[in-house]
Novice: 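Dropping a structure here in structure tokens format, bear with me for questions.
Treat the numbers as computed from the prediction; the structure is a model and nothing was measured. Counting starts at 1 for both ligands and their atoms, following the listed order.
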Amino acid sequence: MYGNDFSGEDAPGGLLGEVEAAEAALRAAAERDRGAPGQDVDLAAYFAEVIDADQKIEPRDWMPEAYRRTLIRQIAQHAHSEIIGMQPEGNWISRAPSLKRKAILLAKVQDEAGHGLYLYAAAETLGISRDELVDLLLEGRQKYSSIFNYPTLTWADVGAIGWLVDGAAIVNQVPLCRCSYGPYARAMIRVCKEESFHQRQGYEILHTLAHGTPAQKAMAQDALDRWWYPSLAMFGPPDSDSTHSAQSMAWKIKRFSNDELRQRFVDMCVGQAEVLGLTIPDPDLRWNDERQAYDFTQPDYDELMRVITGDGPCNRQRMEHRRRAHAEGAWVREAAAAYAAKQVSKEKVAA
Ligand SMILES: [Fe+2]
Ligand SMILES: [Fe+2]
């Protein structure tokens with residue numbers, strides 16, 4: 001039993017269907033060779049034409065400086081989130097209830113490290129180095145997703161993170177598979193396929209608990225109660241307060257508004273919670289026939305702002321852990337750099 005098996009999410013039009021379609025569109029766009037812009041072409045006009053034609057902007061292409069900066073900020077924040085996001089679940093690797101659960105969770109957390117690497121590599125194509133990006137995170141000058149500043153108190157939280165947090169990440173990221181910047185779009189296709197596995201593993205953990213003993217079911221319900229609103233907050237502030245949205249939409253970096261994506265997520269989760277036999281902690285959640293969507297209570301955006309600005313339950317702990325891990329990994333980076341330098345000098349001697 002998986003989170004998206006019964007709701008047609010794998011069918012064309014479902015989330016994975018959308019990823020497949022985006023991948024096909026990406027291939028088709030690559031085959032429509034526009035050729036390089038001629039000598040006296042207006043580069044800004046050429047950039048606008050490429051965006052209009054749903055072609056991809058590639059690292060070698062001219063792009064407005066603000067487009068480059070926006071992408072660096074967004075991709076870096078995404079990469080940092082993948083890496084910091086390993087911590088709340090890493091907390092449970094040694095305490096997973098069975099060897100099978102441990103192996104699955106270990107694979108999932110390793111995937112998140114891989115996502116961080118694809119994304120740092122995508123950001124590097126925009127002319128910034130991974131070292132600079134890591135420094136910006138460690139100095140607190142770039143952010144990561146506020147969801148990872150909440151603690152994982154029980155094993156059921158690992159299930160709730162997979163179902164809700166990875167689930168919200170997929171809803172956010174599927175449209176990014178059609179992002180106008182080629183390296184980011186390609187990274188997102190691979191990431192989304194893996195996120196789908198993450199969402200399923202979390203859902204399956206909760207399904208097992210929700211159909212176990214009364215104490216296990218209560219643990220699953222408690223995890224849903226704590227993670228529901230922080231997950232809704234993952235879609236960012238409401239459209240009325242969202243600062244970067246309009247320009248990102250025009251550049252086809254962003255395809256749907258925060259509120260549209262949040263609604264999609266809620267509509268997806270309601271049926272999934274019913275199959276789990278768990279109750280979404282929102283007394284005002286109900287189907288609205290006119291809108292053909294669920295009405296729901298918005299998350300506490302003041303809390304979101306407090307967590308974003310550093311005052312969440314685990315902000316300090318997460319950053320301290322990352323700084324310590326970075327310092328303890330210094331010898332690995334030095335050894336890798338020394339090895340690479342040795343390889344280059346060997347090649348020079350051979351040539
Ligand atoms: Fe991820
Ligand atoms: Fe994930």
Novice: Looking only at N, O or S atoms, find the one in His115 nearest to the Fe ion (ligand 1) and name it.
Specialist: ND1
Novice: Counting backbone and side chain alike, does Asp166 bring an N/O/S atom below 2.8 Å of the Fe ion (ligand 2)?
Specialist: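 True for Asp166.
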Novice: Could you check whether Arg306 pairs with Asp302 (Lys NZ or Arg NE/NH1/NH2 to Asp/Glu carboxylate O, under 4.0 Å)?
Specialist: no
Novice: Salt bridge or not between Lys252 and Asp54? Use side-chain N to carboxylate O under 4.0 Å.
Specialist: yes
Novice: Which N/O/S atom belongs to Glu82 and is the closest one to the Fe ion (ligand 1)?
Specialist: OE1
Novice: Please determine whether a side-chain nitrogen of the Lys or Arg among Glu204 and Arg101 lies less than 4.0 Å from a carboxylate oxygen of the Asp or Glu.
Specialist: yes
Novice: Taking the Fe ion (ligand 2) as the reference point, name the nearest N/O/S atom of Glu112.
Specialist: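 Checking each N, O and S atom of Glu112, the shortest distance to the Fe ion (ligand 2) belongs to OE2.
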Novice: How about Glu195: does one of its N, O or S atoms come closer than 2.8 Å to the Fe ion (ligand 2)?
Specialist: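 An N, O or S atom of Glu195 is closer than 2.8 Å to the Fe ion (ligand 2), so yes.
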Novice: Go through it in stages, so that I can follow the logic: the residues are Asp259 and Gln263, the test is side-chain hydrogen bond (donor to acceptor under 3.5 Å, both in side chains), and I'd like the CA-CA distance, side-chain angles, deciding distance and then a yes or no.
Specialist: CA-CA 6 Å; Asp259 288 343; Gln263 180 73 58; over 6 Å; no
Novice: Which atom, counting only N, O or S, brings His198 closest to the Fe ion (ligand 2)?
Specialist: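 It is ND1, the N, O or S atom of His198 closest to the Fe ion (ligand 2).
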Novice: Assess the side chains of Asn91 and Gln87: does a donor N or O sit below 3.5 Å from an acceptor N or O?
Specialist: no
